[in-house]
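Report on the structure given below.
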Protein chains: 2
Amino acid sequence: MKRIDIAVVDDHDLFREGIMLVLRQIPGYHILFDASDGELFLEKLRTQKPDIVLMDVNMPRMDGVSATAQALALCPDLKIIALTMFSDHLHYSQMIQAGVKGFMLKKGNKQELQQAISEVFKGGVYFSQDILQKVALRTFRKDDEQRMTARELEVLGLVCSGLSTPEIADKLFISVKTVEGHRTNIFQKTEVRNTAELIIWAIRNDYLTIE
Amino acid sequence: MKRIDIAVVDDHDLFREGIMLVLRQIPGYHILFDASDGELFLEKLRTQKPDIVLMDVNMPRMDGVSATAQALALCPDLKIIALTMFSDHLHYSQMIQAGVKGFMLKKGNKQELQQAISEVFKGGVYFSQDILQKVALRTFRKDDEQRMTARELEVLGLVCSGLSTPEIADKLFISVKTVEGHRTNIFQKTEVRNTAELIIWAIRNDYLTIE
DNA sequence: TATGAATCAGGGGGATTCCCCTATATCGTT
DNA sequence: AACGATATAGGGGAATCCCCCTGATTCATA
């Protein structure tokens, strides 16, 4: 059986060190490298090609979504598993869109992690039960209401992390007017009147998780 | 040198397993037991007495604050170190009030964890730099002004239910300018910049419950 | 009695939000 | 080739937000 080379990307040192020790315990698994943010990961990826990448979603400098997208642009056959604290729809859909092959929660255990890596390594996919249930519930409940586009989800995510319209425009390299346009569409689709209601809506509908 | 018996309390299986492996690597450290929430921890505490407890703050069933308070009621000399994702003031002050001897963030590394355990075991205290800076800044500025007044809490509640400033003024039969004044005070006390951040703050600090 | 805290109210002003409207480029589908 | 959806960008304007001030009450308490 081939050795599985794994890369771990997470900004929390303790968690990263811990999960690397967990992985080392499993026969056949090998830690190729680790990184504390997306930029460092992309840098190391230029010289080393792991079979599996465990990618945190929320990180400073460059987050998991950008890092995943850019990594897959360089190595389209890279197998990336998202690993996050939160099971909200926003994190999920953004990472799916970025191209991850799996999605599991940090509250999962060693067995689940092993299963996820095994499935994805064999060419399959893996999504934790929590995620699947939430997504299923959501699409079942409100499919008639207009689905949001990828860009709108992105803007929604930034709004929900407390950024103002100019800040979002700056981050996405687009005009303030465009962001306003996306906001207007989001408001119409969610039937809210202001930012406060939008945040509450996002939490109620599992687009945003706060702990 | 005496063996240090450690208990790890955290609801995230992967993190808990990982940190236990990290601790096992350190000579002289011994994992006495672990628990996935406060209740299970208190149960195990009845038969086993660790020297050091690493306690997560946010957990299901019974959180770290209650667990810490109850544990110290049973064993007043127990040495508990809070271990959390967030450096919010509420988390900090609640855990301090509950009686923890140390407070560190999950984004810290192995060296910091070792230092924290070492200090607290020797009878001292340990607080991470991030925490100290935040607290120092705050107490330096105005100390106890962080408590919100009744009226401010009332306004906060209305903001969090999605009302605009004029709507709140209308509802409370006061001037828009007065509501703006309350908002300004709330913003300062919570250290947020806009309504979106305020709502997230309110949820995170249990001033607002959704679902 | 004096001091401070809380609540109330307002002036002013710049930034942002939120609502209309139009318009172009692209991309995939029919 | 035509169409619809999406993302982009902008004009204009009213409302609101967010910040800086000042000042007047009331009320508890030191």
Side-chain angles (χ1 to χ4, degrees), chain A residues 65-66 69 73 90 93-94 96-99 139 143-202 207-208, chain B residues 138-139 141-202 207-208:
Chain A
V65 180
S66 308
L90 261 181
S93 59
Q94 286 184 5
I96 290 294
Q97 212 118 36
T139 49
D143 205 22
D144 40 64
E145 83 180 4
Q146 294 109 321
R147 282 194 356 268
M148 267 190 272
T149 69
R151 199 55 154 174
E152 283 163 3
L153 284 176
E154 200 172 3
V155 171
L156 173 60
L158 295 175
V159 171
C160 288
S161 62
L163 297 191
S164 68
T165 301
E167 285 170 339
I168 294 172
D170 208 50
K171 188 162 185 118
L172 298 181
F173 303 108
I174 57 180
S175 141
V176 169
K177 275 298 186 183
T178 304
V179 179
E180 285 182 352
H182 290 314
R183 284 183 69 120
T184 301
N185 292 334
I186 294 169
F187 277 32
Q188 282 175 353
K189 290 181 181 179
T190 58
E191 293 178 343
V192 301
R193 300 174 305 134
N194 54 46
T195 308
E197 284 188 357
L198 181 61
I199 306 264
I200 294 165
W201 179 92
Y207 278 88
L208 174 66
Chain B
R138 190 182 301 256
T139 49
R141 200 183 321 153
K142 262 174 193 171
D143 206 359
D144 211 4
E145 208 209 26
Q146 299 313 125
R147 279 200 351 271
M148 268 190 272
T149 69
R151 199 56 155 176
E152 284 164 2
L153 285 176
E154 200 173 0
V155 171
L156 173 61
L158 295 174
V159 170
C160 288
S161 62
L163 297 191
S164 68
T165 302
E167 285 170 340
I168 293 172
D170 207 49
K171 188 161 186 120
L172 297 181
F173 304 109
I174 57 179
S175 138
V176 170
K177 274 299 184 182
T178 305
V179 178
E180 284 182 350
H182 290 314
R183 284 183 67 120
T184 301
N185 291 334
I186 294 169
F187 276 34
Q188 282 175 354
K189 292 181 182 178
T190 58
E191 293 178 344
V192 301
R193 296 152 47 239
N194 54 45
T195 308
E197 284 188 358
L198 179 61
I199 295 191
I200 294 165
W201 179 93
Y207 278 89
L208 172 65

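Lettering follows sequence order; numbering is per chain, from 1.
- Taken to the nearest 0.5 Å, the NE2 atom of A/H182 stands 10.0 Å off from the CD1 atom of A/I168.
- A/T178 is linked by a side chain to side chain donor-acceptor pair (under 3.5 Å) to nothing, counting only residues two or more places apart in sequence or in another chain.
- Residue B/H182 places none of its side-chain N or O atoms closer than 4.0 Å to OP1 or OP2 of C/dA6.
- Every residue two or more places apart in sequence or in another chain that forms a side-chain contact (heavy atoms from CB on, under 4.5 Å) with A/I96 is listed here: A/Y92, A/V100, A/F127.
- Using a 4.0 Å cut-off on heavy atoms, the residues of residues 160-178 of chain A that approach DNA chain D are A/I174, A/S175, A/K177, A/T178, listed by number.
- Across A/F187 and A/T195, no two heavy atoms sit closer than the pair CZ-N, 3.9 Å.
- Regarding B/F187, its CZ atom lies at a distance of 11 Å from the C1' atom of D/dC19, rounded to whole Å.
- Relative to the side chain of B/R151, the nucleotides D/dA7, C/dC19, C/dT7 differ in distance, and C/dT7 lies closest.
- Between the P atom of D/dC19 and the NZ atom of B/K189 lies a distance of 15 Å, rounded to the nearest Å.
- Counting to the nearest Å, the C1' atom of D/dC18 and the CD atom of B/E191 are 17 Å from each other.
- The interatomic distance linking B/N185 (CG) with D/dT22 (P) rounds to 15 Å, in whole Å.
- For A/T184, the side-chain contact (heavy atoms from CB on, under 4.5 Å) test picks out A/Q188, with sequence neighbours left out.
- Closest approach of B/I199 and B/V159 over heavy atoms only: CD1-O, 4.3 Å.
- Looking at residues two or more places apart in sequence or on another chain, you find a side chain to side chain donor-acceptor pair (under 3.5 Å) between B/K177 and B/E180.
- Residues forming a side chain to side chain donor-acceptor pair (under 3.5 Å) with A/E197 (at least two apart in sequence, or on another chain): A/R193.
- Listed pair A/T149 / D/dA5 fails the phosphate criterion, with no side-chain N or O lying under 4.0 Å from OP1 or OP2.
- Whole-Å rounding puts the A/E180 CD to D/dG11 C1' distance at 11 Å.
- Remark: P of D/dA5 and CD of A/Q188 are 14 Å apart, rounded to the nearest angstrom.
- Paired with B/C160 under the rule side-chain contact (heavy atoms from CB on, under 4.5 Å), one option of B/L163, B/L156, B/L158 passes, and it is B/L156.
- In terms of the side chain to side chain donor-acceptor pair (under 3.5 Å) criterion, residue partners of A/R151 (sequence neighbours excluded) are, by chain and number, A/E154.
- Contact annotation: B/T195 side-chain N/O to D/dC18 OP1/OP2 distance is under 4.0 Å.
- Distance CZ (B/R183) to C1' (D/dC17): 7 Å, rounded to an integer number of Å.
- Note that OG1 of A/T149 is 6.5 Å distant from CG of A/L153, once rounded to the nearest 0.5 Å.
- Between the CG atom of B/N194 and the C1' atom of C/dG14 there is a distance of 16 Å, rounded to whole Å.
- With rounding to the nearest 0.5 angstrom, the NZ atom of A/K171 is 7.5 Å from the OG atom of A/S66.
- Taking five base pairs at each end of the helix from C/dT1-D/dA30 to C/dT30-D/dA1 and finding the rotation axis that steps the C1' atoms of four pairs onto the next four gives two axes whose angle is 40°, to the nearest 10°.
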Practice item. Would you mind building the protein contact string for nucleotides 25-30 of chain C? One character per nucleotide, 5' to 3', B for base within reach (heavy atoms under 4.0 Å), S for sugar-phosphate only, - for untouched. Key: ------
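- For the pair B/R193 and D/dC18, the criterion of a side-chain N or O lying under 4.0 Å from OP1 or OP2 is not met.
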